[in-house]
Amino acid sequence: MGLELYLDLLSQPCRAVYIFAKKNGIPFELRTVDLIKGQNLSDAFARVNPLKKVPALKDGDFTLSESVAILLYLTHKYKVPDYWYPQDLQARARVDEYLAWQHTTLRRSCLRALWHKVMFPVFLGEPVSPQTLAATLAELDVNLQLLENKFLQNKAFLAGPHISLADLVAITELMHPVGAGCQVFEGRPKLAAWRNRVEAAVGEDLFQEAHDIILKAKDLPPADPTTKQKLLPRVLAMIQ
């Protein structure tokens with residue numbers, strides 16, 4: 001059995017892994033794990049990833065969880081252009097710096113924005129107070145400013161003149177609030193220009209394919225009671 005990737009493109013780290021593999025011609029079998037249906041909680045998936053989270057990778061008898069670890073594994077195993085994860089020590093350190101920062105900052109903000117603006121009120125039928133939503137969007141704004149001022153600065157991409165894993169992880173995060181209707185790039189011409197460069201580097205068709213589901217998040221039908229009961233406690237724990 002060759003490389004298998006367990007993904008749901010509703011998930012931002014899954015989109016990063018999917019785009020990276022497709023862009024670099026890495027052959028893989030897509031194993032879709034429907035998060036909305038709770039397929040990640042099944043015993044069958046737990047045998048692949050006991051953490052019951054996507055993305056997950058299976059390469060023969062070897063299994064791996066966590067998106068950054070998966071991206072680095074693919075980078076090291078397959079012949080991909082150096083700019084994704086540069087050999088130059090300091091350039092690579094810049095990529096590592098961003099990947100270390102984003103977990104508890106931008107990822108959290110983008111995830112909370114999606115759930116508080118769309119998924120709770122529209123999908124789960126759970127009201128979100130105006131105060132909670134305002135605080136979430138204010139937190140997102142702070143982290144967008146940090147992304148722009150600390151990481152992007154006046155460079156073409158986050159780690160230098162070429163796209164890297166840092167840009168791929170960042171853009172897939174930002175498309176979460178975009179899918180919720182947040183004007184992430186409005187009033188931020190530097191960040192908007194960066195987004196256009198990333199999309200061009202990835203390829204517009206692949207970019208749109210990967211983000212199709214999140215850009216339609218507002219159109220998801222309401223969850224049935226069983227799905228709501230299954231998802232609500234896990235989501236609440238995830239976005240606290």
Side-chain angles (χ1 to χ4, degrees), residues 1-7 9 11-30 49 51 53-108 110 143-144 146-175 190-207 209-211:
M1 182 68 71
L3 180 69
E4 300 171 74
L5 294 177
Y6 293 76
L7 310 173
L9 297 184
S11 154
Q12 63 274 44
C14 285
R15 295 195 296 269
V17 170
Y18 181 81
I19 291 171
F20 183 79
K22 294 278 281 188
K23 175 64 179 175
N24 288 289
I26 296 171
F28 68 93
E29 291 290 333
L30 175 62
N49 183 9
L51 299 177
K53 295 165 60 179
V54 288
L57 172 151
K58 193 169 188 292
D59 192 4
D61 295 330
F62 178 75
T63 59
L64 187 64
S65 63
E66 297 300 321
S67 57
V68 170
I70 290 170
L71 287 166
L72 293 177
Y73 178 82
L74 296 176
T75 300
H76 295 316
K77 176 167 182 174
Y78 296 94
K79 187 175 178 61
V80 303
D82 179 72
Y83 50 73
W84 287 111
Y85 195 55
Q87 291 298 311
D88 177 81
L89 178 63
Q90 293 187 356
R92 175 173 287 195
R94 288 297 178 210
V95 177
D96 289 335
E97 180 184 36
Y98 177 78
L99 295 177
W101 173 79
Q102 55 87 27
H103 285 290
T104 57
T105 48
L106 193 65
R107 173 166 295 177
R108 179 178 183 272
C110 292
N143 284 319
L144 288 172
L146 286 171
L147 175 66
E148 194 167 5
N149 293 346
K150 159 68 175 129
F151 294 98
L152 182 58
Q153 300 176 3
N154 292 312
K155 304 187 297 292
F157 296 96
L158 296 181
H162 304 289
I163 192 172
S164 72
L165 293 180
D167 300 282
L168 188 54
V169 169
I171 195 63
T172 51
E173 297 292 349
L174 291 187
M175 296 306 288
K190 189 185 297 186
L191 208 59
W194 164 80
R195 179 251 170 98
N196 290 337
R197 287 191 292 270
V198 173
E199 186 170 347
V202 166
E204 184 177 346
D205 289 345
L206 176 56
F207 188 89
E209 175 194 348
H211 289 98

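Keep in mind that the numbers below use all heavy atoms, side chains included, and drop hydrogens, waters and symmetry copies.
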Can Y73 and F62 be said to form a ring pair (Phe, Tyr, Trp, His ring centres under 6.0 Å), step by step? CA-CA 11 Å; Y73 178 82; F62 178 75; 5.2 Å; yes
Between K190 (side chain) and A192 (backbone), is there a donor-acceptor pair under 3.5 Å? no
In this structure, CZ of R15 is separated from NE2 of H211 (nearest 0.5 Å) by 4.5 Å
Taking the inter-plane angle between the rings of Y98 and F151 on a 0 to 90° scale, is it parallel (under 30°), tilted (30 to 60°) or perpendicular (over 60°)? perpendicular
Inter-residue atom distance Q153.CD - E148.CD, 0.5 Å rounding: 11.0 Å
From CG (N149) to CG (N154), nearest 0.5 Å: 9.5 Å
Closest heavy-atom pair and its distance - R94, A159: CB-CB, 4.0 Å
Of all heavy-atom pairs linking R197 and K155, the shortest is NH2-O, 3.7 Å
K23 side-chain N/O to L206 backbone N/O, donor-acceptor pair under 3.5 Å: no
Nearest atoms (heavy-atom pairs only) where L71 meets V169: CD1-CG2, 3.8 Å
Indicate the atoms forming the closest heavy-atom contact of L147 with W101, along with that distance. N-CH2, 4.3 Å
Is it the case that over 12 heavy atoms from other parts of the model lie below 6.0 angstrom from the CD atom of Q90? no
CG/L152 to CG/D167 distance, rounded to the nearest 0.5 angstrom? 8.0 Å
So among V198, I163, I19, V202, which one has a side chain to side chain contact (heavy atoms under 4.5 Å, CB included) with I171? V198
Between N24 (side chain only) and I26 (backbone N and O only), is there a donor and an acceptor less than 3.5 Å apart? no
Please step through salt bridge (charged side-chain N to carboxylate O under 4.0 Å, His left out) for the pair D59 and K77, ending with a clear verdict. CA-CA 11 Å; D59 192 4; K77 176 167 182 174; 2.5 Å; yes
Min side-chain heavy-atom separation L57-Y6 under 4.5 Å: no
Would you say Q102's side chain and L99's backbone share a donor-acceptor pair under 3.5 angstrom? yes
So which heavy atom on L158 is nearest to which on A166, and how close? CD1-O, 3.7 Å
Supply the atom-to-atom distance F157 CZ to H162 NE2, rounded to the nearest 0.5 angstrom. 9.0 Å
Side chain to side chain contact (heavy atoms under 4.5 Å, CB included) test vs L165 passes for just one of V95, D96, V80, namely V95
Of the non-hydrogen atoms in P55 and N49, which two are nearest, and what is the gap between them? O-ND2, 4.4 Å
